[in-house]
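Nothing here was measured: the structure is a model prediction, and the numbers come from that model. Along the sequence shown, the residues carry numbers beginning at 1. Every number for a ligand or one of its atoms is a count from 1 in the order of the listing.
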Amino acid sequence: MTSQFHPSNGDPWPAPHHSEPVSGFVTVPGSKSLTARHLVIAALSSSPSRLSGALRSRDTDLMIEALRAMGTTIEGDGDDLTIIPAPLHGAHIDVGLAGTVFRFLAAVAALADGPVSFDGDAAMYARPIGPLLDGLEQLGVKITAGEGPRGRTLPLTVEGPASGSAVTVDASGSSQFVSALLLLAPHLPHGLTITHEGESVPSLPHVAMTVEALRRAGASIEESTDGPVSWTVAPGPLHPGHITVEPDLSNASPFLAAAVATGGTVTIPHWPAQTTQAGAHIVPILERMGATATLSDGNLTVTGPGSISGIDIDLRDAGELTPTVAALAALADSPSRLSGIAHLRGHETDRLAAIASEVTKLGGRCVETRDGLFIEPAPLHGGVVDSYEDHRMATFGAILGLVVPGISVIDIACTSKTLPDFPTMWEAITT
Ligand SMILES: O=C(O)C1=C[C@@H](OP(=O)(O)O)[C@@H](O)[C@H](O)C1
Ligand SMILES: C=C(OP(=O)(O)O)C(=O)O
């Protein structure tokens, strides 16, 4: 799957400006996070399984290639995949800029019969993984790693086997450290108890998503919040069967924000009534910013207000939504405080610095706080928004460009990380 948009068509990309309210019906492809988990669970299962509605994008294709390189057969080149597990062997893995591939497979590599080496994009060298590597070492896994600005990093080699049944990890930098160990856990001879020690774990819905996906495949998992938070996973075979992936609700958020920014209406079909996706938090957030939302027969419809209200919100559980919420906050008529998101400094880019810098560049008022952003109303003007190779910074620029004339976005093609057709889909509702 490739984007319809190629940098040779013009970079920076002139963000569509829409002076009228947008109106659109947007079908969003499968969830990156669910696709990643179901692929890993299927590759480690005891029977073949099928994944329908899988996301095909740079991150998920890197996951597919990595699992294939370790011995898994994955058939199908669209969004319907058959996964035939086999014992894993040593391989070299390109993690790109995909946190899920980097963290999940660093843990899974401990099950391979041979060393697994990892490398990735230059920007990945700045993303944290040290606490997960410490945890794997507690299980006797051999690690060799480079040294980066946030501790141990790429290039990395992981060599199992893993032994032992308990690990303590500081997952305050990324929930993916816990998810990675959970995915490994059922395949260890005695299972695993994972205990978190440190400041609070961000993105907890993503941990719940891992637990739910494993339980659906037959894993037995107990969570304890009595004292330090921990998860105990029993050893045992997994049989995922046939899974259908929900649409990616975080990727839906810029389209819903388009309705809010312009006072228009956008409908997203197949919106799940219940989900572990943190992206679902966007609905109450947009309502607090003045939008109205209805869910009927799986169609989520959001209608924007005449003017956007600022918001004071802890986004620790749904940090992925920060660039979308920050773009709307920069267009709001009252101040906004986004907190609980210090860990975004270790995302695809330092998202707090990136947002503050780009809003300021466009004439807005946005400063970093210890754990987030403070944004005040100010008139914005046109300019070139840097995406910092970060798909969500690119969509942040697109949202602002809808209402502020003269905005263009550098490297809109980086949206291929999780939504290869973003430019085409955006142009469909805005032109
Ligand atoms: O497990 C996952 O699929 C994810 C977990 C979260 O990571 P952090 O806990 O590092 O924020 C989220 O931000 C990321 O986009 C996807
Ligand atoms: C943080 C994100 O990605 P990753 O899975 O690479 O951590 C994201 O998509 O917002």
Side-chain angles (χ1 to χ4, degrees), residues 30-41 55 57-60 62-63 95-107 120-121 123-132 150 169-183 196 198-214 245-246 248-254 275-279 281-282 315-326 340-352 354-355 371-372 387-396 414-419 422:
S31 151
K32 166 198 78 170
S33 293
L34 285 167
T35 302
R37 283 160 175 75
H38 289 304
L39 285 168
V40 172
I41 290 169
L55 174 67
S57 69
R58 183 171 186 231
D59 277 16
T60 50
L62 285 166
M63 183 67 93
V95 304
L97 191 48
T100 48
V101 182
F102 191 27
R103 282 68 172 257
F104 295 180
L105 296 190
D121 290 7
M124 189 56 108
Y125 280 58
R127 301 192 65 184
I129 194 165
L132 173 60
R150 285 192 168 80
V169 66
D170 177 355
S172 54
S174 173
S175 64
Q176 293 176 358
F177 304 157
V178 174
S179 287
L181 293 164
L182 284 166
L183 291 166
H196 162 69
E199 284 182 34
S200 64
V201 182
S203 316
L204 273 175
H206 283 94
V207 176
M209 179 189 280
T210 312
V211 168
E212 187 184 276
L214 282 164
V245 178
E246 298 168 1
D248 192 308
L249 308 186
S250 296
N251 277 343
S253 73
T275 181
T276 52
Q277 288 191 65
H281 292 212
I282 194 64
L315 282 173
R316 182 182 319 267
D317 278 351
E320 266 182 359
L321 295 175
T322 302
T324 297
V325 178
I341 44 175
H343 68 288
L344 264 63
R345 297 191 164 100
H347 273 187
E348 282 81 334
T349 186
D350 175 342
R351 283 183 174 156
L352 301 187
I355 291 168
D371 71 341
S387 61
Y388 303 83
E389 301 173 47
D390 179 350
H391 55 149
R392 299 199 202 279
M393 284 305 296
T395 55
F396 159 92
C414 74
T415 50
S416 64
K417 184 176 191 288
T418 58
L419 192 54
F422 175 76

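- Of all heavy-atom pairs between A106 and L132, the closest is CB-CD2, 4.3 Å.
- Protein residues lining ligand 1, listed by chain and number: K32, S33, R37, T100, F104, S174, S175, Q176, S203, H206, E320, H343, H347 [non-hydrogen atoms, distance under 4.0 Å].
- Scanning for ring-ring contact (aromatic ring centres under 6.0 Å, His included) contacts around H343 gives H347, with sequence neighbours left out.
- Near Q176, with a cut-off below 4.0 Å to any heavy atom, the atoms of ligand 2 are 4 (P), 5 (O), 7 (O).
- Here the shortest heavy-atom pairing between A318 and A278 reads CB-O, 3.8 Å.
- Shown in contact with E320 at under 4.0 Å from a heavy atom are these atoms of ligand 2, numbered in order with element: 10 (O).
- Each of the following atoms of ligand 2 lies closer than 4.0 Å to a heavy atom of H347: 1 (C).
- To the nearest 0.5 Å, atom CG of residue N251 and atom OG of residue S31 are 8.5 Å apart.
- At least one donor-acceptor pair closer than 3.5 Å links the side chain of R127 to the backbone N or O of G346.
- Atoms of ligand 2 lying under 4.0 Å from any heavy atom of H391, numbered from 1 in the order shown and given with element: 8 (C), 9 (O), 10 (O).
- Heavy-atom proximity to atom 7 (O) of ligand 2, evaluated over R127, K417, K32, is greatest for R127.
- With hydrogens and angles disregarded, no donor-acceptor distance shorter than 3.5 Å links the side chain of R103 to the backbone of S179.
- Residue A98 has at least one heavy-atom neighbour below 4.0 Å for each of these atoms of ligand 2: 6 (O).
- Residue contact check for ligand 2: L97 places a non-hydrogen atom closer than 4.0 Å to it.
- Under a 3.5 Å cut-off, the side chain of R37 and the backbone N or O of H206 do form a donor-acceptor pair.
- The pair E320-R392 counts as a salt bridge, with a side-chain nitrogen and a carboxylate oxygen less than 4.0 angstrom apart.
- The closest side-chain donor-acceptor pair between E246 and T275 falls under 3.5 angstrom.
- Without hydrogens or angle criteria, D371 side chain to G340 main chain gives a donor-acceptor distance under 3.5 Å.
- Ligand 2 has at least one atom lying under 4.0 Å from a heavy atom of R351.
- Between the side chain of T35 and the main chain of L55, a donor-acceptor pair closer than 3.5 Å is present.
- Taking atom 1 (C) of ligand 2 as the reference point, the nearest protein heavy-atom neighbour is E348 OE1, 3.2 Å.
- Among all non-hydrogen protein atoms, the one lying nearest atom 10 (O) of ligand 2 is R392 NE, 2.7 Å.
- When only interatomic distances are considered, the shortest N/O to N/O separation between R103 and ligand 2 does not fall below 3.5 Å.
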